[in-house]
2 protein chains.
Amino acid sequence: MAAAKRRPRPRLEEVAKLAGVSKMTVTRALNEPHKVAAATRERIARIVKRVGYTPDLTARGLTLQRTGLVGAVVPLLTNSLIAEIVQGLSDALAVHGYQLLVGASGFSARGEEAIVRAFLSRRVDAMYLTGITHTKATREMLARAGLPVVEGGNLTRRPLDMLVGYSSKDAAALVTHHLFDRGYRHLGYIGAWPRDNDRARDRRRGFAHACAAVSLPRDDSWYVDTDLALPAGAAAMATLLDRHPDVDAVFCSADALAVGAMLEAQRRGLAIPDDVAIAGFDDLDLAAQMVPPLTTLRVPRYAIGERAGAMIADRLAGRPMEAPVVDVGYTFVPRATT
Amino acid sequence: MAAAKRRPRPRLEEVAKLAGVSKMTVTRALNEPHKVAAATRERIARIVKRVGYTPDLTARGLTLQRTGLVGAVVPLLTNSLIAEIVQGLSDALAVHGYQLLVGASGFSARGEEAIVRAFLSRRVDAMYLTGITHTKATREMLARAGLPVVEGGNLTRRPLDMLVGYSSKDAAALVTHHLFDRGYRHLGYIGAWPRDNDRARDRRRGFAHACAAVSLPRDDSWYVDTDLALPAGAAAMATLLDRHPDVDAVFCSADALAVGAMLEAQRRGLAIPDDVAIAGFDDLDLAAQMVPPLTTLRVPRYAIGERAGAMIADRLAGRPMEAPVVDVGYTFVPRATT
DNA sequence: ACGGGCGATGTTACCGTTAACATCGGCGCT
DNA sequence: AGCGCCGATGTTAACGGTAACATCGCCCGT
């Protein structure tokens, strides 16, 4: 808006003067109305409305030593899985009057560290971190700050504080065993870069362990690591098919990759699952709609964010918590691609 | 983190005492290092590091009268188009040291109003709003506050302040004319609910005007309004096909809907585009990957957010702006579904 | 009639930082 | 040698609220 010759924003003092009372009475009328006489309260309310007074939460935060802000560090916003977690978090926190500050780390622990540092300077009341991989400096800063922290999306025996997640490794192993049980023996793997991404890393490990468990040796040529994006999934599928024309089933660490892989297979005239089977991970809306519908693993993505938000709100309100670590589990969803 | 018997967070004063100087010298050492003697500066730096001092941006914001926060109001976070805009915004602002506060309005002008109110209380330095549809109260609050505001995603002759967008209406008309030129005469429309969503509304209008321009009367039965989600697109396609088995082309106001529609058509054994043609809008990654590749309209989604962020940063830094209104345009991308 | 208590309101100080102005010593210039 | 200026640092007050304690009538019970 044009920087006109506007009046300065009205402050508590201005309202107080107009109402003929002290600042304290106004602040009470707004925050603890029952402590103020009805007549006074209404007079103040009228003036507040007339001058358009809005309390300054920055100043309030300074005295109360809490800002009402919660910071969320996510790898990126453009992934629908992550977006749903953030949406759940945002919704759950909004209910309790908290607001969400988001930072995108770009799948880098260093990036996360920078964002955590910035959030701490902002004096956020709590933080949500994606995953369990953090730099030493991040862990130290958080320990020193001593605020509620929820790590989301994975499990660990030593969480920083609270945690909401599920075992990517077990889930991936489950899917892999399913492929084996269905009779596939030439298994390929397409996954997101595992560096600084513990979910991707654990899915990869889950796949590897399951293969080992059924004595199916997989050398590196059966793995393709790539960006977490649909076209990258297609490109990875192309790579894998070129390397191993005999591949008969591919496990993809994310539905976005699996869909890319399916479409690449279709372009090559391969029938799914007869020529090549494909399994995904996440159960995006798209998975059930695909033709044929994609076998995948459902994770309660919105619920992860929602639960994390509720845990943060509980803790900040001093309410007792049931458990600081919540395993939200996963559900295998066999469909027609395997 | 456990609420242990931690020391209180170190303040400027503590650092000052340990360094044997005044608070002012410490704050200078941090913000205007050249004004402090090298020896003093280094001593302070050492102590800052040792005690883990982090400046309190809440307090700084109070004196400086600027918080370094920018608020973004979006309908929801789980749509990839929107997510990319937010990502662009976040990236552009991060470069200049601003942090992003996000709020989800749920495609409601009332919801937007509540979020704007909250952002103003937070004393954000600027705001990004999705679309050009706002309540009267929202417009008044923003006018009164007088901060930089960017509206994104559409065009209007009377922006609140700055704007980055493109004409949804013209773009939709362009696609519609393309369908007509390709010989299709039984055109259907699938779009997101137009209420409080001016992009959806304008796309719908663009389609309607283009049909009228070529004397192709379309009564309401040719329109299906629905949620902005892939399964909803499939369901809408089913509705449309049941209502009008003779429909030969469908324009979808978003790629997510178009993909849903394509998959529904495939499930019904309809060949695309021979039995039914489908056009989308947005050019998601998925569009080019589909089999057959989806005809759509590309909008520079990341660039909208990035540009909006840059405009906000410029304005807040007092840099002169080129133009307060930027039409980022769009590109028609004919592919194989039409 | 008087003391106690309570409801309504006011006063003071502080949250952590920075702008603005003040101070102080030394160095260069004439 | 004296003056002025400048670099380095300190002091004061303010940003806009709120906690904690103080004050002041008034009503009630005995």
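Labels below follow one simple rule: chain letters A, B, ... track the order of the sequence lines, proteins then strands, and each chain is numbered from 1. Just so it is clear, the values below take in all heavy atoms, side chains as well, and ignore hydrogens, waters and symmetry mates.
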Checklist entry - Base, sugar-phosphate, or nothing: which does S22(A) touch, judged by heavy atoms less than 4.0 Å apart? => result base

Checklist entry - Nearest-Å distance, CZ (R122(A)) to C1' (dG16(C))? => result 15 Å

Checklist outcome for this item: K35(A) NZ to dG10(C) P, in whole Å, measures 15 Å

Checklist entry - Heavy-atom distance under 4.5 Å between the side chains of R122(A) and T67(A), does that happen here? => result no

Checklist entry - Separation of E32(B) atom CD from dA8(D) atom C1', in whole Å? => result 13 Å

Next on the checklist: For dT9(D) and T40(B) - does any side-chain N or O of the residue sit under 4.0 Å from the phosphate oxygens OP1/OP2?
Outcome noted: yes

Checklist entry - Side chain of D56(B): nearest nucleotide among dG10(C), dT17(C), dG10(D)? => result dT17(C)

Item to check | Distance in angstrom units between R60(B) CZ and dG16(D) C1', rounded | outcome: 18 Å

Checklist entry - With nearest nucleotides of DNA chain D determined for N31(A) and M24(B) from heavy-atom distances, which residue corresponds to the more 5′ nucleotide? => result M24(B)

Checklist entry - Within a reach of under 6.0 Å around CD of E32(B), are more than 12 heavy atoms found that belong to other residues, nucleotides or ligands? => result yes

Item to check | Nucleotide nearest R11(A) (side chain, heavy atoms from C-beta), chosen from dC15(D), dG10(C), dG10(D) | outcome: dC15(D)

Next on the checklist: So L64(B), base contact, sugar-phosphate only, or nothing? Heavy-atom distance under 4.0 Å.
Outcome noted: sugar-phosphate

Item to check | Check: K23(A) side chain, dG17(D) base, donor-acceptor under 3.5 Å | outcome: yes

Item to check | Polar contact flag, side-chain donor to acceptor under 3.5 angstrom, S108(B)-D196(B) | outcome: no

Checklist entry - Could you give the CG-to-C1' distance, from L62(A) to dA19(D), as a whole number of Å? => result 13 Å

Item to check | Side chain of R28(A) (C-beta onward), nearest among dA20(D), dA20(C), dT9(D) | outcome: dA20(D)

Checklist entry - Starting at CD of E13(B) and ending at P of dC15(C), how long is that distance when rounded to a whole Å? => result 8 Å

Checklist entry - Can you check the L30(A) CG to dG17(D) C1' distance for me, whole Å? => result 11 Å

Checklist outcome for this item: Testing dT17(C), dG17(D), dT9(D) for proximity to the side chain of V36(B), the answer is dT9(D)

Checklist entry - Roughly, in whole Å, what's the span from CZ in R66(B) to P in dG16(D)? => result 15 Å

Next on the checklist: One pair to check against side chain to side chain contact (heavy atoms under 4.5 Å, CB included): M127(B) and V116(B). What are the steps and the verdict?
Outcome noted: CA-CA 8 Å; M127(B) 272 194 230; V116(B) 166; 3.9 Å; yes

Item to check | Short side-chain N/O contact from T58(B) to OP1 or OP2 of dC15(C), under 4.0 Å | outcome: no

Checklist entry - So which nucleotide from dG10(D), dT17(C), dT9(C) ends up closest to the side chain of T63(B)? => result dT17(C)

Next on the checklist: If the cut-off is 4.0 Å, is Q65(B) near the phosphate of dG16(D), judged by side-chain N/O to OP1 or OP2?
Outcome noted: yes

Item to check | Side chains of E112(B) and T135(B) in contact at under 4.5 Å (non-hydrogen atoms) | outcome: no

